[in-house]
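Throughout, protein chains are lettered first and strands after them, A, B, ... in sequence-line order, and every chain is numbered starting at 1. Fair warning: this is a prediction, and the values are worked out from it, not measured in the lab. Reckoned from all heavy atoms, side chains included, excluding hydrogens, waters and symmetry mates.
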There are 2 protein chains.
Amino acid sequence: MDEQTRDRDRLTDGLGDGAARHRPRDARETRARILRAAGAVFAERGFEAATVRDIAARAGVNQALIFRYFGSKKALLTEVMTEGGREQVSNTPPDRLFEAALRGVLAEGGDADTDRLLAVYLRSIGSADAAPETVRELGEEYAAALAALSSADDGELRAQLAMAWLLGIGLMRVVVGQEPLASAAPDDVVGHVLDALERLLPARDVSSGKMKPIDAGPR
Amino acid sequence: MDEQTRDRDRLTDGLGDGAARHRPRDARETRARILRAAGAVFAERGFEAATVRDIAARAGVNQALIFRYFGSKKALLTEVMTEGGREQVSNTPPDRLFEAALRGVLAEGGDADTDRLLAVYLRSIGSADAAPETVRELGEEYAAALAALSSADDGELRAQLAMAWLLGIGLMRVVVGQEPLASAAPDDVVGHVLDALERLLPARDVSSGKMKPIDAGPR
DNA sequence: CCCTTGTGTAAGCACACGCTTACAACGCTA
DNA sequence: TAGCGTTGTAAGCGTGTGCTTACACAAGGG
């Protein structure tokens, strides 16, 4: 509330603002602010623990606006997940998707959208009816892209096993924070995982050439 | 509330009961009933979504008793997890631990204590401060037992990666319920996973002899 | 018999939550 | 300037939660 008030004041006051200052009464900007704030809070606390009041405060916005723009807390979550979610799947070539996603998990701490999205996913899974369809669809898209890599007849199962590993690693690092995994070097983890997965997804390599193509992380 | 009343009546009425009927005013039995009910409800709904009223109703007990016996909902959770948790770790020889745990995950649906415990773990992870120390300690015990299997210098990291896979598979099946993994044959999953893990934990086999020793599932 | 101790219960307190409502301020067009 | 739709706000409603309190019943000892 303190921060919210301060933010608001900074805006309503006509102080000469720099490049990226947003005008008051800009619906689009407000919507975007809410979405950004929601993503952050959902990622930090999980769906249930995150409160609409928190999100509103973080966005510097009255909480009633959230319901005007999105209707409900649940709808907000689906919006957050669908918005940035499909981008990575469709923008990354399938043969790099797994390693990219894995490195995204490992690069936690940066404010990358990808990391946030996965953190939201992981932290919101526990609550059964948070956004089951959305969550499952997103997972299915990943798995389908991965399944195309393998020529085995149970390629889908194999792909989902790989996905499961991804999720588990993310869970250990982001949510549980168990050492030494939590602070292990990304390259070490990627090396071990890709190595083991060559047995699971044998048709082509999991990455096109054993972790050379992607060098610095997903962004 | 309905069920609770009915249960209570069945007890207070002096109808000639069979073998396992508990006497009224038996503190030990009441405590055990609460613990069982709590395990079930936590496993089904997760920590946050489970309510003390639900647990009390399922145990056929007044909810105030829960606080008399355990103090708080959080304390109840830790009690549930620590009670049955360490048994599997200490009762299973390390070289079979991984496969046993994996089969435990895959055998979901049975009312085995192991399955319940892992379901509780998985569903309660999302809420950050549910029982972080307890949860982490339990995971560390598993990982330590697994780490002893590998002779590599980063054996602990490798063990935790295996643990992470376990968790991820459990998440996919128990919580997300994603197909085809959710209803895949346990033997298929175990086969794939153990096969891939031979690269991760190379010193000795993950199971003593490639999934022959355990034939029908953990119980 | 009463009194104490252990066990169980009904009722409710305080609070945080998602969501709603009634209203104010802005900015546009006429 | 007046009217009007859009954008923002303050206050609060209803509900469900964890947890507490004040009391009822059982059993044993004086």
Side-chain angles (χ1 to χ4, degrees), chain A residues 1-14 22-34 37-38 41-42 45-57 59-79 124 127 129-131, chain B residues 1-14 22-34 37-38 41-42 45-57 59-79 124 127 129-131:
Chain A
M1 186 111 173
D2 211 357
E3 193 177 346
Q4 173 180 354
T5 316
R6 202 184 342 112
D7 256 344
R8 222 71 284 279
D9 287 345
R10 233 198 312 141
L11 304 176
T12 45
D13 287 351
H22 67 278
R23 308 175 298 275
R25 298 199 148 255
D26 183 338
R28 259 219 282 264
E29 241 294 298
T30 305
R31 225 187 109 99
R33 286 179 63 136
I34 294 175
V41 176
F42 282 148
R45 307 234 233 284
F47 177 73
E48 305 235 17
T51 76
V52 176
R53 284 169 172 86
D54 281 345
I55 296 171
V61 147
N62 188 287
Q63 74 159 318
L65 278 192
I66 291 183
F67 294 97
R68 163 141 45 222
Y69 282 119
F70 300 97
S72 76
K73 186 190 175 188
K74 202 159 147 182
L76 216 203
L77 175 65
T78 45
E79 199 85 359
S124 304
S127 48
D129 49 282
Chain B
M1 185 107 171
D2 211 358
E3 193 179 346
Q4 172 180 356
T5 316
R6 204 185 338 112
D7 256 344
R8 221 74 278 284
D9 288 345
R10 231 192 319 138
L11 305 175
T12 45
D13 287 351
H22 68 277
R23 308 174 298 276
R25 298 194 153 259
D26 183 338
R28 258 219 283 263
E29 241 294 296
T30 305
R31 224 186 109 99
R33 285 178 63 135
I34 294 174
V41 176
F42 282 149
R45 306 234 234 284
F47 176 73
E48 305 234 20
T51 75
V52 177
R53 284 168 174 86
D54 281 345
I55 296 171
V61 146
N62 188 289
Q63 72 158 323
L65 279 191
I66 292 183
F67 294 97
R68 165 144 40 226
Y69 282 119
F70 299 96
S72 76
K73 186 191 175 188
K74 203 160 146 181
L76 217 202
L77 175 66
T78 46
E79 200 85 358
S124 304
S127 47
D129 49 282

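Interatomic distance, A:Arg31 CZ to A:Asp26 CG, rounded to the nearest 0.5 Å: 12.5 Å. If you take OG1 on A:Thr78 and NZ on A:Lys73, they are separated by 12.5 Å, rounding to the nearest 0.5 Å. With rounding to the nearest 0.5 angstrom, the CD1 atom of B:Ile34 is 6.5 Å from the OH atom of B:Tyr69. Interatomic distance, OG1 of A:Thr51 versus CG of A:Asp54, reported as 3.0 Å (0.5 Å rounding).
Rounded to an integer number of Å, the gap from CD1 of A:Ile66 to P of D:dT9 is 11 Å. Per the geometry, CZ belonging to B:Phe70 stands 13 Å off P belonging to C:dT7, to the nearest Å. With rounding to whole Å, B:Ile55 atom CD1 is found 14 Å from D:dC19 atom C1'. When rounded to the nearest whole Å, the span between CD1 of A:Ile34 and C1' of D:dT7 equals 11 Å. For the pair A:Arg31 CZ and D:dT6 C1', the interatomic distance rounds to 16 Å; values are reported in whole Å. In this structure, CG of B:Leu65 is placed 5 Å from C1' of C:dG8, rounded to the nearest angstrom.
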Legend entry - Under 4.0 Å protein heavy-atom contacts per nucleotide of nucleotides 25-30 of chain C, with B for base, S for backbone only and - for none: BB----

Inset, instruction - Determine, for nucleotides 15-22 of chain C in 5'-to-3' order, which nucleotides have protein heavy atoms under 4.0 Å from the base (write B), from only the sugar-phosphate (write S), or from neither (write -). - result: --BBBBB-

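Counting only heavy atoms from C-beta outward, the side chains of B:Ile55 and B:Phe42 approach each other to under 4.5 Å.
Of all heavy-atom pairs between A:Ala56 and A:Asn62, the closest is CB-C, 4.1 Å.
Close to D:dT7, at under 4.0 Å from its OP1 or OP2, lies no side-chain N or O of A:Tyr69.
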